[in-house]
Amino acid sequence: MKAPLLFLILIVSPLVALSQEEPEQEERITSRRSELWNGLYTKYRIGEKLFYYGEYHLRTRDQLVQNMGQIYLRFGLSYIINKNLEITGGIVTPFYWAPPEYADQELPYDKIVNQFRFWQQALFIQSLGKAKLYHQIRTEQRWRRDYYVGSPFELSYRWRYKISSYIPLNSYKFQPGTYFLSLYNEVFIQTGKTIIRNPFEDNRAFVGLGYILNENIQFQVGYAKSWQQRDSGINYNNRDLIRFSVYHNLDFTRKKKPPVDFQPVF
């Protein structure tokens, strides 16, 4: 073999080998944090099968209460198709506080940013002995923006499925004075032109204890584990969520029939 040809082979061969190797995989980056979520849920009957639905949340983060996280307001109208199916739709107006790391950025940013959303939901209910199983399918159209000053609002879509179970502990049915076990898992998927690397958004698993004070008020407290994917696709939030929720139910109709069945806190 001639020397020039041998030299060419020695130079080209390593380059070909490198080009055939798999590209270096980006390493997953995970941040751990804890949050405290306080929520008031309301469901007020305004017709035989029509209800006003409201959620009002105050959420803090970083060692549970170190920094403000969100004020989250959800409004809607629910229609009871039958005892096993109801549909709901409405608007959401959350307000988000910028994470502390934005204070280290050179660009000007807004400390509080709001979003605008429409939402729709179908809730299917199953009875399993003395337990109840709920299948919640929720869709949201979200106009979101970054915290940096002048960032535009961009439309994306979120798809949520939650399966929940409520199991009375000290009685066979849900009634005043009943303690119950609350369990759920919810998966969040998002789509849209701006969603490129993180179509999976979140998974939340919850276990809690509830108490029915009377026909109008119930309480829940529990722990949720959230695994949240960020925009980069390799950044994740591993969140520990402590949740405290109050549910308030009223009936503004005169006939008050049919009676309002047990309503869970979601």
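Note that these values count all heavy atoms, side chains included, but never hydrogens, waters or copies made by symmetry.
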With the side chain counted from C-beta on, respond yes when [X] and [Y] share a heavy-atom pair under 4.5 Å apart, and no when they do not.
X    : Y    : result
Q141 : L155 : yes
L77  : I46  : yes
Q218 : F174 : no
T60  : N67  : no

For side chain to side chain contact (heavy atoms under 4.5 Å, CB included), just list the numbers for N237 and R230, CA-CA rounded to whole Å, side-chain angles, deciding distance to a tenth of an Å, and then say yes or no. CA-CA 7 Å; N237 287 332; R230 309 309 299 159; 3.3 Å; yes
Parallel under 30°, tilted from 30 to 60°, perpendicular over 60°: which one fits the rings of W143 and F118? perpendicular
How long is the span from the [atom1] atom in [X] to the [atom2] atom in [Y], to the nearest 0.5 Å?
X    : Y    : atom1 : atom2 : result
I195 : R158 : CD1   : CZ    : 10.5 Å
F206 : N185 : CZ    : CG    : 12.5 Å
K43  : N249 : NZ    : CG    : 8.5 Å
D251 : F51  : CG    : CZ    : 7.0 Å
D146 : Y109 : CG    : OH    : 12.5 Å
Y148 : D110 : OH    : CG    : 12.0 Å

Please lay out, stage by stage, how R142 and E201 fare under the test salt bridge (Lys or Arg N to Asp or Glu O under 4.0 Å). CA-CA 14 Å; R142 303 185 295 178; E201 184 180 17; 3.2 Å; yes
Consider only side-chain heavy atoms of I, L, V, M, F, W and Y, link residues closer than 4.5 Å, and tell whether [X] and [Y] are in one cluster.
X    : Y    : value
L241 : L40  : no
L36  : V221 : no
L64  : Y72  : no

Out of the candidates Q136, H135, E186, only one should pair with Y161 under the side-chain hydrogen bond (donor to acceptor under 3.5 Å, both in side chains) rule; please name it. H135
R160 and E140 ion-paired at < 4.0 Å: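 A salt bridge links R160 with E140.
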Salt-bridged, R204 to E35, with N to O below 4.0 Å? no
If you look at every heavy atom in [X] and [Y], which pair is closest and at what distance?
X    : Y    : value
I81  : I87  : CD1-CG2, 4.1 Å
F116 : N114 : CZ-ND2, 3.1 Å
P100 : R61  : CD-NH2, 4.2 Å
R144 : S156 : NH2-OG, 3.4 Å
Y52  : Y56  : OH-OH, 2.7 Å
Q229 : P199 : OE1-N, 4.4 Å

Give a yes or no on whether the ring-centroid distance for [X] and [Y] is below 6.0 angstrom.
X    : Y    : value
Y53  : W119 : yes
Y211 : F219 : no
Y134 : Y166 : yes

May I ask you to check whether [X] and [Y] show a side-chain donor-acceptor distance below 3.5 Å?
X    : Y    : value
S182 : Q220 : yes
T178 : S171 : yes
R239 : S226 : yes
Q121 : E86  : no
Q70  : H57  : no

Sorted by chain and residue number, the side chain to side chain contact (heavy atoms under 4.5 Å, CB included) partners of K225 (sequence neighbours excluded) come out as R32, Y223, N238, D240
Going through the checks in order, is the side chain to side chain contact (heavy atoms under 4.5 Å, CB included) test met by I71 and L58? CA-CA 5 Å; I71 290 178; L58 177 64; 4.0 Å; yes
Greater than 12 external heavy atoms within 6.0 Å of [X]'s [atom1]:
X    : atom1 : value
F153 : CZ    : yes
Y157 : OH    : no
W159 : CH2   : no
E215 : CD    : no
Y179 : OH    : no

Output, in order, the C-alpha distance, side-chain angles, deciding distance and verdict of side chain to side chain contact (heavy atoms under 4.5 Å, CB included) for T194 and D231. CA-CA 9 Å; T194 61; D231 293 347; over 6 Å; no
With sequence neighbours left out, write down each residue that passes ring pair (Phe, Tyr, Trp, His ring centres under 6.0 Å) with F244, or none if nothing qualifies.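 Ring pair (Phe, Tyr, Trp, His ring centres under 6.0 Å) check on F244 returns nothing, list empty.
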Check whether any side-chain N or O of N214 sits under 3.5 Å from a backbone N or O of I217 as a donor-acceptor pair, and report yes or no. yes
Under 3.5 Å donor-acceptor, N170 side chain and G177 backbone: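 Between the backbone of G177 and the side chain of N170 there is a qualifying donor-acceptor contact (under 3.5 Å).
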R28 charged N/C atom sitting above Y236 aromatic ring, 6.0 Å / 45°: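 Because its charged atom sits under 6.0 Å from the ring centre and within 45° of the axis, R28 does stack over Y236.
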Derivation and outcome, side chain to side chain contact (heavy atoms under 4.5 Å, CB included), residues I163 and L133: CA-CA 7 Å; I163 182 169; L133 195 64; 4.0 Å; yes
